[in-house]
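Notes follow once the structure below has been shown.
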Amino acid sequence: MEEVKMEKGRKIVVAVDESKESMLALSWCLSNLISPDSNTNLVLLYVKPPPPLYSAYDAAGYLFSGDVISAVEKYSKDLVSSVMERAEAVYKNSINNIQVERLVGSGDAKDVICSTVEKLRADTLVMGSHGYGFFKRTLLGSVSEYCAKHVKCPVVIVKHTGEKCSFNNMTS
């Protein structure tokens, strides 16, 4: 991940992904944490999964050609562009004079988010919650829950529940 140099001011990191929950979290952040006259730096963080390791043959015994690997890499780049374009549409409609940085990390989302927040010395982390139930959360883990326990700054988890939107403010 490349180093980001930003002007002094409050830093808010918003974790974005393909979900509507992350865009809802971004929208909530813009409406509730950032004012037009504030000196706030907004960092949009997208974490893509680590690239798969390819050997001559995968587990099923199929050979991966360079074309397949290139197609997977292109899909990943297109996905990042799509998410960032959606995020841009959200923040461009909210506040005109906002400084926005885009970061793309690769790896396990919870680890990348926590390390990025620490490196940037962020003042606040804002995340959406997918609202998984107990069993799904137990099997898959909750990225927002993990980050709320491990980052040193306040964490705002924006939870979408049906037609209503609820907000859980959590600090570590």
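Numbering starts at 1 and runs along the sequence shown. On a predicted model such as this, the values are computed, not experimentally measured, just so you know.
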* To do: Output all residues satisfying side-chain contact (heavy atoms from CB on, under 4.5 Å) with Ser19, sequence neighbours left out; order by chain, then residue number.
  =>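 Scan of Ser19 (side-chain contact (heavy atoms from CB on, under 4.5 Å), adjacent residues dropped) gives Asp17, Glu21, Ser22, His130.
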* Asked: What residues, two or more places apart in sequence or in another chain, satisfy side-chain contact (heavy atoms from CB on, under 4.5 Å) together with Glu88?
  ->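 Scan of Glu88 (side-chain contact (heavy atoms from CB on, under 4.5 Å), adjacent residues dropped) gives Tyr91, Lys92, Arg102.
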* To do: Kindly determine whether Leu120 and Leu103 satisfy side chain to side chain contact (heavy atoms under 4.5 Å, CB included), including the steps that lead there.
  => CA-CA 11 Å; Leu120 294 176; Leu103 287 179; 3.9 Å; yes
Find the distance between [atom1] ([X]) and [atom2] ([Y]) and round it off to the nearest 0.5 Å.
X: Ile34; Y: Ile12; atom1: CD1; atom2: CD1; result: 4.5 Å
X: Lys149; Y: Ser144; atom1: NZ; atom2: OG; result: 10.5 Å
X: Glu18; Y: Met23; atom1: CD; atom2: CE; result: 8.5 Å

Closest non-hydrogen atom pair between [X] and [Y], with its separation:
X: Val112; Y: Gly105; result: CG1-CA, 4.1 Å
X: Val155; Y: Cys147; result: CG2-O, 4.2 Å
X: Ser106; Y: Pro49; result: OG-O, 3.5 Å

* Passing candidate, side-chain contact (heavy atoms from CB on, under 4.5 Å) with Cys29, options Val156, Val14, Val13 ->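 Going through the options one by one, the only one that passes is Val14.
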Are [X] and [Y] in one and the same hydrophobic cluster, where Ile, Leu, Val, Met, Phe, Trp and Tyr link if side-chain heavy atoms are under 4.5 Å apart?
X: Leu30; Y: Met84; result: yes
X: Leu26; Y: Val80; result: yes
X: Tyr146; Y: Val117; result: no
X: Leu44; Y: Leu33; result: yes
X: Leu24; Y: Tyr46; result: yes

With a 3.5 Å distance limit and no angle check, can you tell me whether [X] reaches the backbone of [Y] through a side-chain donor-acceptor pair?
X: Ser81; Y: Lys77; value: yes
X: Lys48; Y: Ser76; value: no
X: Asp123; Y: Lys11; value: yes

* **Contacts of type side-chain hydrogen bond (donor to acceptor under 3.5 Å, both in side chains), residue Thr40, not counting sequence neighbours** =>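 With neighbours one apart ignored, the set is Arg10, Ser38.
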* With sequence neighbours excluded, residues passing salt bridge (Lys or Arg N to Asp or Glu O under 4.0 Å) with Asp108 ->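 Result, salt bridge (Lys or Arg N to Asp or Glu O under 4.0 Å) vs Asp108: Lys110.
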